[in-house]
Protein chains: 2
Amino acid sequence: MKGPKRSLDVSKIVDAVMELLDEEPSAAPTLRGVAARLGVRPNTLYTYVPDRVALEGVVVEHLLELAGPAALTGGAPWRERVTGYAMRLRAELLARPGVVPFFFSGPMSGPNAAAVGEGLLTAFTEGGLRPDDAARAAYTVIVHVLGSAALAAADPPGPGASEAEVLAVLEARRAALAAGPPLTAATAATAAAWNSSEQAEWGINRLIDGCIGSLP
Amino acid sequence: MKGPKRSLDVSKIVDAVMELLDEEPSAAPTLRGVAARLGVRPNTLYTYVPDRVALEGVVVEHLLELAGPAALTGGAPWRERVTGYAMRLRAELLARPGVVPFFFSGPMSGPNAAAVGEGLLTAFTEGGLRPDDAARAAYTVIVHVLGSAALAAADPPGPGASEAEVLAVLEARRAALAAGPPLTAATAATAAAWNSSEQAEWGINRLIDGCIGSLP
DNA sequence: GTGCACAATGTACACCGTACAAAGAAGGAG
DNA sequence: CTCCTTCTTTGTACGGTGTACATTGTGCAC
């Protein structure tokens, strides 16, 4: 170690990103914004991270851990462990819609991603799935959680909305669907809540049902 | 109609976007790029479209139609109609990774989105699902297709890669997984192909299985 | 033929990620 | 202790993005 002391480290940068997201959950954090919050010039961040995509990668890793992947291998029944982690991760993302695009800007290859994968494999194996099916099921769960969160994040209103505002948007959507084609109209009330946690959990449960339904 | 003739219309703009995507499938089309291709100043587009998000919306509509939603209500068995449309849409997206983020920049509310929804409802109803479950299943299918496409689009190599290059990336990934934790290592060959069409179709099939498995 | 409504432009702004050279701090070698 | 090397941080800059605003000029209605 020759040069001057570093004034930052990657975890401080991640913290700054999370603070930015706490203040404006729907805004995608930017390199310049993070640097400003750390009291530093934008290009200083390049000492710690090769580019923007890499920054997003470490934030993704942090969020994967925030959802508690350790509980995937713990004591609860395997099925609850899977849905539990899925819904916790989904909740973390919905609370910070601005971060969702980060999950789609590069492959997830960090240690926490590996831990999540192994945890899901553990649970599904415990559920009786053959190894290859467990791998496919694990990946499909991730697809569902991220897809569901991304679509929900794209929909108004954002996480700062009041209860009344949420209800208003929901009712407007239901009315629009009710004016649509017959089957759409008949299910307008259910479909209007497409991005609710209940629907997301329903989807994961049907997926799991389909996986264990094909057991010997 | 008072003023001068319009030199464009929305469909010409969409065509320009599609041409841009044909030339560079992995690059997200930009307002300025579209304008340049049409031989027009960037702000001219604001005559036809209120902002960038709206432009992305009409492109999304075009792609939903490109995948052939009409076939959702046609003669094939209901289950094949669902997986067929899902895989066609997925293929259209994977051929143009640059367009994938468009699906997550706002709610899908156009006529083709409605047609896709109604078509999926028709199929699932035909499959025996109760209306509300059909609505949930339809939405979950969309979540899966878009999530799967988005994750696949985020992974190298892009759609222009040679067969050999694809295999090299796949093998590198398999090797990395094989060095991971036990269950991950045991399923490395399967997991390395996480973004393959086969895995995506497997996921949809398990989802459908789970939906019809709970029938009376 | 004249006036008015509208499309397209010119120009501008704020923001983004990032490259590159210069400045400055701190440890190792003499 | 001094110098030199190394590494962090900065200053400055470039090309890109979406979009606002005033201006120009076209073509129909009167």
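Values in this document were obtained by computation on a predicted structure and should not be read as measured data. Within every chain, numbering begins at 1; the chains are lettered A, B, ... in the order of the sequence lines, protein sequences first and strands thereafter. Heavy atoms only: backbone and side chains are in, while hydrogens, waters and symmetry mates are out.
- Atom P of nucleotide D/dG18 and atom CD1 of B/Ile13 are separated by 13 Å, given to the nearest angstrom.
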Using the 3.5 Å cut-off, write out each protein N or O paired with an N or O of nucleotides 23-30 of chain C and the distance between them.
from: C/dG27; atom 1: O4'; to: A/Lys2; atom 2: O; distance (Å): 3.4

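- The distance from atom CG of B/Leu55 to atom C1' of D/dG18 is 12 Å, rounded to the nearest whole Å.
- Both A/Pro42 and B/Thr47 lie close to DNA chain C; mapped to their nearest nucleotides by heavy-atom distance, the more 5′-ward contact belongs to B/Thr47.
- At distances below 3.5 Å, at least one donor-acceptor pair connects side-chain atoms of A/Asn112 with backbone N or O atoms of A/Glu61.
- The phosphate of D/dT9 (OP1 or OP2) has a side-chain N or O of A/Tyr48 nearer than 4.0 angstrom.
- Nucleotides of DNA chain D nearest to A/Arg6 and B/Asp51 differ in position, and the one nearer the 5' end is that of A/Arg6.
- Residue B/Thr187 comes nearest to A/Pro131 through the heavy atom pair CG2-O, 3.3 Å, listed as atom of the first residue, atom of the second, then distance.
- Atom CG of B/Asp9 is separated from atom C1' of C/dA7 by 14 Å (rounded to the nearest Å).
- Contact check for A/Trp194 versus A/Leu151: no side-chain heavy atoms found under the 4.5 Å cut-off.
- Screening B/Arg96, B/Arg88, B/Arg90 for a side chain to side chain donor-acceptor pair (under 3.5 Å) with B/Glu92, the sole residue that qualifies is B/Arg96.
- Within the structure, a side-chain polar atom (N or O) of A/Arg41 is placed less than 4.0 Å from OP1 or OP2 of D/dG11.
- In this structure, A/Thr30 reaches the C/dG17 phosphate: one of its side-chain N or O atoms is under 4.0 Å from OP1 or OP2.
- Each of A/Gly39 and A/Arg32 lies near DNA chain D, and the nucleotide nearest A/Gly39 is the one positioned closer to the 5' end.
- Across the protein-nucleic acid pair, A/Arg52 atom CZ and C/dC16 atom P stand 10 Å apart, rounded to whole Å.
- Salt bridge B/Asp133/A/Arg206: absent, no basic N to carboxylate O contact under 4.0 Å.
- Checked by atom type and distance alone, the side chain of A/Thr125 pairs as donor or acceptor with a backbone atom of A/Leu121 at under 3.5 Å.
- The CG-C1' distance, from A/Asn43 to D/dC7, rounds to 15 Å in whole Å.
- For the OP1/OP2 pair of C/dT9 and a distance below 4.0 Å, the side-chain nitrogens and oxygens of B/Thr44 include at least one atom meeting the criterion.
- For A/Lys12 and A/Asp15, the salt-bridge test fails: no basic side-chain N is under 4.0 Å from an acidic carboxylate O.
- Across the protein-nucleic acid pair, B/Leu31 atom CG and C/dC13 atom C1' stand 16 Å apart, rounded to whole Å.
- Atom-to-atom, CG of A/Leu8 to P of D/dT8 comes out at 11 Å; the value is rounded to the nearest Å.
- Note: NZ (A/Lys12) to P (D/dT9) measures 10 Å, nearest angstrom.
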